[in-house]
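Contents: one structure, followed by commentary.
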Amino acid sequence: MIELLANRYTYVLLFVLLGIGIYMVIASENLVKKLIGVNLFQSAIFLFFISMAYIDVDGASAPIVPAEKNPGELMVASPLPQVIVLTAIVVGIALTAVGLALIIRIYAEYGTLREDTLREVRADE
């Protein structure tokens with residue numbers, strides 16, 4: 001069991017980041033901490049995609065077309081998860097920027113970032 005975890009340490013890190021991210025989103029009352037939790041969760045998903053595309057076989061190589069006659073016999077990693085993750089990183093940065101802009105606007109309007117206080121203030125209006 002320990003040897004399996006040592007070989008697949010990225011999956012252990014993946015589940016730790018998933019757990020921390022979900023915990024921060026659920027348990028934290030501060031909106032900035034919730035946004036950080038969403039970013040941690042998102043990073044764990046990126047790690048999952050990259051880990052699934054990794055090939056740990058002797059003779060495996062990067063997805064570059066070689067000059068050999070039979071390139072179909074080579075074992076290469078799929079570049080598709082890397083492309084998906086790069087696109088998701090750009091979307092994640094945009095999501096974080098919009099989230100931070102909204103948080104700044106909420107703080108300027110209400111003077112707090114605590115979710116329970118914001119609910120009370122909104123209920124009084």
Side-chain angles (χ1 to χ4, degrees):
M1 180 70 177
I2 299 296
E3 183 178 324
L4 178 66
L5 289 177
N7 289 339
R8 305 288 185 199
Y9 62 91
T10 56
Y11 294 109
V12 175
L13 180 62
L14 160 80
F15 287 114
V16 168
L17 285 176
L18 278 173
I20 292 171
I22 286 291
Y23 178 77
M24 286 180 73
V25 169
I26 293 172
S28 179
E29 291 290 329
N30 192 326
L31 294 178
V32 175
K33 289 181 183 178
K34 283 183 181 282
L35 189 62
I36 292 171
V38 168
N39 283 330
L40 276 176
F41 187 83
Q42 186 177 17
S43 297
I45 299 300
F46 297 161
L47 181 63
F48 174 70
F49 274 116
I50 297 299
S51 296
M52 291 298 293
Y54 179 70
I55 296 177
D56 189 21
V57 178
D58 290 338
S61 64
I64 300 170
V65 178
E68 297 177 9
K69 302 257 188 227
N70 296 325
E73 296 176 358
L74 292 175
M75 203 143 194
V76 295
S78 174
L80 185 63
Q82 297 171 10
V83 172
I84 291 171
V85 168
L86 284 175
T87 305
I89 287 172
V90 172
V91 171
I93 290 171
L95 174 78
T96 303
V98 169
L100 286 174
L102 288 173
I103 288 171
I104 290 170
R105 182 71 179 120
I106 288 170
Y107 185 75
E109 183 74 23
Y110 298 107
T112 185
L113 293 177
R114 291 191 51 86
E115 191 175 8
D116 54 352
T117 308
L118 287 171
R119 283 194 184 116
E120 291 174 7
V121 171
R122 293 287 296 165
D124 292 340
E125 290 180 354

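Tracing side-chain contacts under 4.5 Å through hydrophobic residues (I, L, V, M, F, W, Y), one never reaches Val16 starting from Tyr23; they form parts of separate clusters. Taking hydrophobic clusters as Ile, Leu, Val, Met, Phe, Trp and Tyr residues chained together by side-chain heavy-atom distances below 4.5 Å, Val85 shares a cluster with Leu47. At a threshold of 4.5 Å between side-chain heavy atoms, the hydrophobic network of Ile, Leu, Val, Met, Phe, Trp and Tyr places Ile104 and Val121 in two separate groups. Following chains of ILVMFWY side-chain contacts shorter than 4.5 Å, one cannot reach Ile36 starting from Val25, and the two form parts of different hydrophobic clusters.
When the side-chain contact (heavy atoms from CB on, under 4.5 Å) test is applied to Asp124, no partner is found at least two apart in sequence or on another chain.
Distance check: Ile93 CD1 to Gln42 CD gives 9.0 Å after rounding to the nearest 0.5 Å. Considering CG of Leu18 and CG of Leu13, their distance stands at 9.5 Å, rounded to 0.5 Å. In this structure, the separation between OH on Tyr107 and CD1 on Ile103 is 12.5 Å, given to the nearest 0.5 Å. Between the CZ atom of Phe49 and the CG atom of Leu86 there is a distance of 12.5 Å, given to the nearest 0.5 Å. Note that the CD1 atom of Ile50 and the CE atom of Met52 stand 11.5 Å from one another [nearest 0.5 Å].
Nearest heavy-atom pair across Ser51 and Thr10 is OG-OG1, 3.1 Å. Scanning all heavy atoms of the two residues, the minimum distance from Leu17 to Ala44 falls at CB-CB, 3.6 Å. Across every non-hydrogen atom of Ile45 and Leu14, the tightest pair is N-CD1, 4.4 Å. The two atoms that bring Val32 and Asn30 nearest to each other are N-OD1, 3.0 Å, heavy atoms only. The two residues Leu35 and Gly99 come nearest to each other via the heavy atoms CD2-C, 4.1 Å. The shortest non-hydrogen separation linking Lys34 to Ile26 is NZ-O, 4.3 Å.
Shown here is Phe46, whose CZ atom has more than 12 heavy atoms of other residues, nucleotides or ligands within 6.0 Å. No more than 12 heavy atoms of other residues, nucleotides or ligands shown are found within 6.0 angstrom of CZ on Phe48. For Tyr110, the OH atom sits in a packed shell: over 12 heavy atoms of surrounding residues, nucleotides or ligands are nearer than 6.0 Å.
Applying the side-chain hydrogen bond (donor to acceptor under 3.5 Å, both in side chains) rule to pairs touching residues 85-104 yields Asn39-Thr96, sequence neighbours excluded.
By the 4.5 Å heavy-atom criterion applied to side chains, Leu95 and Val38 are counted as neighbours.
Side-chain atoms of Lys33 never come within 3.5 Å of backbone atoms of Met24 as a donor-acceptor pair (strictly under, hydrogens ignored).
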